[in-house]
Amino acid sequence: MTGTVSPAVAQVTAIEASLFVFVVLTALATAFARDVLAAVIVFGAYSLGMAALYTFYRAPDVAMTEAAISAGVTTVLLLLTLAKTTRIDHEAVFESVNYPAAGAAGLLFAGLAITMVDVPAVGSPDAPVWSNPDVTQWYLAETYAETGVENTVMAVLAAFRGFDTFGEAVVVFAAGIAALIVLRREVFA
Amino acid sequence: MSVVDATLGAGYTVGDFLLIVAAGFVVLAIGMLYRAVKGPTMQDRVLAVNVLGTNTVVILAILGAALSEPTFLDIALVYALLNFLMAIAISKFTVERGGVL
């Protein structure tokens, strides 16, 4: 697949193209908005576009999460945080561009974009998961003997990459504490 | 064979037509984005994002019909509710600072 554009990239439909434009525009507006409250509001619009995109790609569960977390909870939490800090009124609508930061972000984007060429198409039989069944079969065959966990997905999460999951738990814990501080509560009740 | 598989002509089905209509609604959303970004007041932005949310509900409903996935309507419902919550939260924030919920 190296050097060729995968078929998934080639057949972009009208709705995908228009959603891409919408999502990129909202993301840029969020990044460049001078006023924090305006950025929060435009970020809500961004999550609307992302949810529609996820829905189009037949991922309704992800779209539902995007709707509940990004549009609902994040907006409210950001507003609560804003209420506890000062918001300066600005005349200008857009922030002036910080060129070193924009250059670093552009380089990161370019680096990630190079890897996209080698991503296998959706459902491709050449995808490493299928073309290298030894790895997948090893997990299916050896999971119980190695970890004593009956569910393979659970074993990967909690045993094979347990430290990774532990790190995630720390992040969720920190987020919970931050939410409590913003809400000025002692417990979730 | 459902309604969305019926042929309209020139090889296009009703489902294709609905997808093009949904794309048209997304193009409208890009137009609405102007008001959300430009403002100039916060009330303009709240209204713009509320209209964008309603527009998204319509897009999700059309997608559900076009792709024959009735479960998409559930996401549309969640969005309709959250859109309301978002508008209320931002409105309350602009009126009385600190009172978000």
Undergrad: Let me confirm one number: the CG-CD1 distance from B:L52 to A:I41, rounded to the nearest 0.5 Å.
TA: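 B:L52 atom CG to A:I41 atom CD1 measures 11.5 Å (nearest 0.5 Å).
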Undergrad: Taking side chain as C-beta onward, heavy atoms only, is A:T26 less than 4.5 Å from B:V37?
TA: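 In short, these two side chains do not touch, never coming nearer than 4.5 Å.
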Undergrad: Working to the nearest 0.5 Å, report the span between CG of B:L28 and OG of A:S18.
TA: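 Going from the CG atom of B:L28 to the OG atom of A:S18 covers 10.0 Å.
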Undergrad: Is any residue of residues 46-57 of chain A within less than 4.5 Å of chain B by heavy atoms, and which ones?
TA: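 So far as heavy atoms go, A:S47, A:L48, A:A51, A:A52, A:T55, A:F56 are the residues that approach chain B to under 4.5 Å.
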Undergrad: For B:L33, which atoms come within 4.5 Å of any heavy atom of chain A: side chain, backbone, both, or neither?
TA: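 For B:L33, the contact with chain A is made by the side chain alone.
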Undergrad: Under 4.5 Å between side-chain heavy atoms, hopping through other hydrophobics if needed: is there a path connecting A:F166 to A:V153?
TA: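 No: no chain of side-chain contacts under 4.5 Å links A:F166 to A:V153.
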Undergrad: Check whether A:L80 and A:I69 end up in the same hydrophobic cluster, where Ile, Leu, Val, Met, Phe, Trp and Tyr are linked by side-chain heavy atoms less than 4.5 Å apart.
TA: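 No: no chain of side-chain contacts under 4.5 Å links A:L80 to A:I69.
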Undergrad: Heavy-atom cut-off 4.5 Å, strictly under: side chain, backbone, both or neither for B:L60 against chain A?
TA: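 Side chain only.
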Undergrad: Please state whether the side chain, the backbone, both or neither of A:A33 comes within less than 4.5 Å of a heavy atom of chain B.
TA: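 Neither part; nothing is under 4.5 Å.
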Undergrad: Distance check, rounded to the nearest 0.5 Å: A:T75 atom OG1 versus B:F93 atom CZ?
TA: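 If I round to the nearest 0.5 Å, the distance is 12.0 Å.
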Undergrad: Check each atom of B:V78 against the heavy atoms of chain A and say whether the ones under 4.5 Å are side chain, backbone, both or neither.
TA: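 For B:V78, the contact with chain A is made by the side chain alone.
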Undergrad: Are B:F72 and A:R58 side-chain neighbours, meaning at least one heavy-atom pair lies under 4.5 Å?
TA: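 With C-beta onward as the side chain, the pair touches.
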Undergrad: Taking a hydrophobic cluster as the set of Ile, Leu, Val, Met, Phe, Trp and Tyr residues connected by side-chain heavy atoms closer than 4.5 Å, whether directly or through intermediates, do B:I20 and A:L19 fall within one such cluster?
TA: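 Unlinked, B:I20 and A:L19 end up in two clusters.
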Undergrad: Please name all residues satisfying ring-ring contact (aromatic ring centres under 6.0 Å, His included) with A:Y139, sequence neighbours left out, ordered by chain then number.
TA: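 A:Y139 satisfies ring-ring contact (aromatic ring centres under 6.0 Å, His included) with A:F160 only.
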Undergrad: With chain A as the partner, which of B:G53, B:A76, B:G64, B:A23 has the greatest number of non-hydrogen pairs under 4.5 Å?
TA: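 When all of B:G53, B:A76, B:G64, B:A23 are compared, B:A23 has the most.
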Undergrad: If hydrophobic clusters are built from ILVMFWY residues whose side chains come within less than 4.5 Å, do A:V149 and A:Y144 share one?
TA: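 No, A:V149 and A:Y144 fall in different hydrophobic clusters.
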Undergrad: Among B:V27, B:V21, B:L81, B:L63, which residue has the highest count of heavy-atom pairs closer than 4.5 Å to chain A?
TA: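 Option with the top pair count is B:L63.
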Undergrad: For the CG atom of B:L82 and the CD atom of A:E66, what is their distance to the nearest 0.5 Å?
TA: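 Here the rounded value is 11.0 Å.
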Undergrad: Considering only Ile, Leu, Val, Met, Phe, Trp and Tyr, and joining two whenever side-chain heavy atoms are under 4.5 Å apart, list the other residues clustered with A:L112.
TA: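 A:L112 clusters with A:L108.
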Undergrad: Minimum heavy-atom separation for A:G44 and B:M86, please, with both atom names.
TA: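 Of all heavy-atom pairs spanning A:G44 and B:M86, the closest is CA-CE, 3.8 Å.
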Undergrad: Under the ring-ring contact (aromatic ring centres under 6.0 Å, His included) rule, collect the residues that match up with B:F25, sequence neighbours excluded.
TA: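 Listed in chain order: nothing, the list is empty.
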Undergrad: Do A:L28 and B:I30 share a hydrophobic cluster (ILVMFWY, side-chain heavy atoms under 4.5 Å, transitive)?
TA: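 Same hydrophobic cluster.
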